[in-house]
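Below is one structure, written out as structure tokens, with a few remarks after it.
Note on naming: letters A, B, ... go to the chains in the order of the sequence lines (proteins, then strands), and numbering restarts at 1 for each one.
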Amino acid sequence: MSKELTSRKEDYSKWYNDIVVKADLADHSAVRGCMVIKPYGYGIWEKMQQALDKMFKDTGHVNAYFPLFIPKSLFEAEEKNAEGFAKECAVVTHYRLKTDPNNKQKLIVDPEAKLEEELVVRPTSEAIIWNTYKGWIQSYRDLPILVNQWANVVRWEMRTRLFLRTAEFLWQEGHTAHATKEEAIEETKKMLEVYADFVENWMAVPVVKGVKTANERFAGADDTYCIEAMMQDGKALQAGTSHFLGQNFAKAFDVKYVTKDNKQEYVWATSWGVSTRLMGALIMSHSDDNGLVIPPKIAPTQVVIVPIYKGDAGLEKVSKVAHEIKNKLQAKNISVKYDDRDTQRPGFKFAEHELKGVPVRIAIGERDLENGTVELARRDELSKETVSIEGIEDRIETLLNDIQTNLFNKAKARTEALTTKVDSYEEFKKVLDEKTGFVSAHWDGTPETEEKIKEETKATIRCIPLNNPQEAGVCIYSGKPSTQRVLFARAY
RNA sequence: CGGGGUGUAGCGUAGCCCGGUAUCGCGCCACAUUUGGGAUGUGGAGGUCGUCAGUUCGAAUCUGGCCACCCCGACCA
């Protein structure tokens, strides 16, 4: 297999696909629209999970697990939610196969084994969870419930793309129940902050925090908060959402609690999630034509050591020093891989680790042994220098932090450069086509205008930024008065 | 679901028009020489040419059906 990547300039989507496949993150499977996440890709996802899980725990949440299947009657209970997801649901109708009487090698669905009630494979779990919460909540003393689950969900998308939109994907979904509206809204916003914190400080991807318009809102939510990221090609990617669900699910599933003064009230709800789609955000934020670039804080391997030697004796001498360095780094909680495979040559390893985005590479040869040095290379800048082995662990610790910061700053600068204020529809269309990116413009606040703009330009309102400055203006489309700018973009 | 395209070894391909059992590169295996940016040489393994049927003495090649995948659109909380 050739390791050559298609360049971004040549074909951005092909480049993306190449990285996913060639950096060993994931592959197409035998199942339409479903991918195999390979060990290296899963390793990155695990790093994301670990960081997020700790953040969830630190904000008082606990993990639980709910069923994959949702009886249709429960699924349809919350009307808007059901309607929103209905057209992309996989449905289980039978529970048994049998040998085909016409061909003993084949199996057919046993028509005798039809389910009384169909089971929907969860596209999201509000229904089954709120049906369960009904049994958990009687009094204000039972609240709040702050539960998260790590799970897979299925959404039968018409067209799929590795990590960005797959028929089955992995995610976490938090589902919380509260006594008051205020508390639920506070939770919704708190989790949005957690997501923004994670995506910016761990993934080094800058985001815009905001609220979705009614059109773009989660089916069944009163408000959807989101973080939006800008990719290298000028398209936006929704990186996470946090929903204030009001009392919609409590009403649909009849979940009430008794207040301190003995009154029956419906419970207030939130849900929030991020998925393996974050892998797509990661790739499209930092990677280059040489391959993946992973921020140190979520890199499965932060430092790789490549020995350069002649013969077994040479390897032994180099290995001794390599192991010393490895131990020193590990003592600082830096994850190190010593790549002493004797089946590949150094040049091959350099290229491979570059393709896979390992943040820092150390090369040690016999020349270095004489000088007490190593060659230190950083993936983000593709630069290298010769440094003393003395104190290398501190130097690398600093370097990893520098790389983390550098990646964020570069992505931040790009996002800012790709954000443009416009005041006319002509300008709006021109920027979308020629410059791309976020376009900040006045909008009259109506779904009709939003819909028209989407039809004509394929741009959607990504969000109304939080703490958005209020300024008088006129809608670029309708010319009606507006009080604030919103962010438009073409999106993934 | 509409429009377009492609199916030949693990991957990428030539051959197809004009029918005679398949070309090349990468990768793979063995051995040797190598090892500071994707090594070289020698030898070797690997293919029911997407699938089913038809035409023919003979089909990767011609004809028809089917299937899969890709791209564009529709769709995408």
Rounded to whole angstrom, note down the [atom1] distance from [N] over to [M].
{"N": "B:U61", "M": "B:G19", "atom1": "P", "result": "12 Å"}
{"N": "B:G4", "M": "B:G44", "atom1": "C1'", "result": "43 Å"}
{"N": "B:G15", "M": "B:G47", "atom1": "C1'", "result": "14 Å"}
{"N": "B:G73", "M": "B:G58", "atom1": "P", "result": "47 Å"}
{"N": "B:U13", "M": "B:U6", "atom1": "P", "result": "12 Å"}
{"N": "B:A59", "M": "B:G54", "atom1": "C1'", "result": "11 Å"}
{"N": "B:C76", "M": "B:C18", "atom1": "P", "result": "48 Å"}
{"N": "B:A68", "M": "B:C52", "atom1": "C1'", "result": "14 Å"}

Pick base, sugar-phosphate or nothing for [X], based on heavy-atom distances below 4.0 Å to the nucleic acid.
{"X": "A:K14", "value": "nothing"}
{"X": "A:E216", "value": "sugar-phosphate"}
{"X": "A:R361", "value": "base"}
{"X": "A:R367", "value": "base"}
{"X": "A:N81", "value": "nothing"}

Measure [atom1]/[X] against [atom2]/[N] and give the value in whole Å, please.
{"X": "A:N17", "N": "B:C69", "atom1": "CG", "atom2": "C1'", "result": "13 Å"}
{"X": "A:Y16", "N": "B:C71", "atom1": "OH", "atom2": "C1'", "result": "18 Å"}
{"X": "A:Q238", "N": "B:C76", "atom1": "CD", "atom2": "P", "result": "13 Å"}
{"X": "A:D27", "N": "B:C69", "atom1": "CG", "atom2": "P", "result": "14 Å"}
{"X": "A:W156", "N": "B:C1", "atom1": "CH2", "atom2": "C1'", "result": "16 Å"}
{"X": "A:K349", "N": "B:A39", "atom1": "NZ", "atom2": "C1'", "result": "14 Å"}
{"X": "A:E455", "N": "B:C75", "atom1": "CD", "atom2": "P", "result": "9 Å"}
{"X": "A:N371", "N": "B:G36", "atom1": "CG", "atom2": "P", "result": "17 Å"}

(message) Which is more 5' along RNA chain B, the nucleotide nearest A:Y492 or the one nearest A:P346? Just name the residue.
(response)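 Nearest nucleotide further toward 5': that of A:P346.
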
(message) Can you work out whether A:K212 or A:R161 has the more 5'-proximal nearest nucleotide on RNA chain B?
(response)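 Final value for this comparison: A:R161.
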
(message) Counting C-beta onward and ignoring hydrogens, is there a side-chain heavy-atom pair between A:S287 and A:W15 closer than 4.5 Å?
(response)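 Yes; the side chains approach each other to less than 4.5 Å.
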
(message) Taking the side chain as everything from C-beta on, heavy atoms only, tell me whether A:I403 gets closer than 4.5 Å to A:V360.
(response)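 A:I403 reaches A:V360 side chain to side chain.
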
Watson-Crick or G-U wobble partner of [N], both distances under 3.5 Å:
{"N": "B:G47", "value": "none"}
{"N": "B:G19", "value": "none"}
{"N": "B:C76", "value": "none"}
{"N": "B:G27", "value": "none"}
{"N": "B:C69", "value": "B:G5"}
{"N": "B:U61", "value": "none"}
{"N": "B:U33", "value": "B:A39"}

(message) Tell me if B:U55 is syn or anti. Syn = glycosidic torsion within 90° of 0, anti otherwise.
(response)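 The base of B:U55 is oriented anti (glycosidic angle more than 90° from 0).
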
Side chain of [X]: nearest nucleotide among [options]?
{"X": "A:A351", "options": "B:G38, B:C76, B:U35", "result": "B:G38"}
{"X": "A:H28", "options": "B:C70, B:C76, B:G38", "result": "B:C70"}
{"X": "A:K458", "options": "B:U35, B:G73, B:G37", "result": "B:G73"}
{"X": "A:F348", "options": "B:G73, B:G37, B:G38", "result": "B:G38"}
{"X": "A:E354", "options": "B:G37, B:G36, B:C75", "result": "B:G37"}

Name the pairs: protein N/O against N/O of nucleotides 31-34 of chain B, kept only if under 3.5 Å.
from	atom 1	to	atom 2	distance (Å)
B:U34	O2	A:R345	NE	3.4

(message) With a 3.5 Å cut-off and heavy atoms only, can you find an N or O donor on one side and an acceptor on the other between the side chain of A:K384 and the base of B:G37?
(response)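 Checked by distance alone, the answer is yes.
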
Please tell me whether [X] and [Y] form a close aromatic pair, meaning their ring centres lie under 6.0 Å apart.
{"X": "A:F428", "Y": "A:F488", "answer": "yes"}
{"X": "A:F249", "Y": "A:W268", "answer": "no"}
{"X": "A:Y338", "Y": "A:H323", "answer": "yes"}

(request) Check A:L237 against A:R277 and note the closest heavy-atom contact, atom names and distance. (result)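 Closest approach of A:L237 to A:R277, heavy atoms only: CD1-CZ, 3.7 Å.
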
(request) Indicate whether the side chain of A:E375 and that of A:T386 have a donor and an acceptor atom separated by less than 3.5 Å. (result)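 Side-chain D/A pair, A:E375 to A:T386: absent.
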
(message) What I want to check is whether the side chains of A:E126 and A:S271 have a donor and an acceptor closer together than 3.5 Å.
(response)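 Side-chain D/A pair, A:E126 to A:S271: present.
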
(request) Using the test ring-ring contact (aromatic ring centres under 6.0 Å, His included), find all partners of A:F85 that sit at least two apart in sequence or belong to another chain. (result)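 If we apply the ring-ring contact (aromatic ring centres under 6.0 Å, His included) test to A:F85, skipping adjacent residues, the hits are A:F218.
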
(request) Only one of A:T301, A:L329, A:I396 passes side-chain contact (heavy atoms from CB on, under 4.5 Å) with A:V336; say which it is. (result)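 Single pass found, and it is A:L329.
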
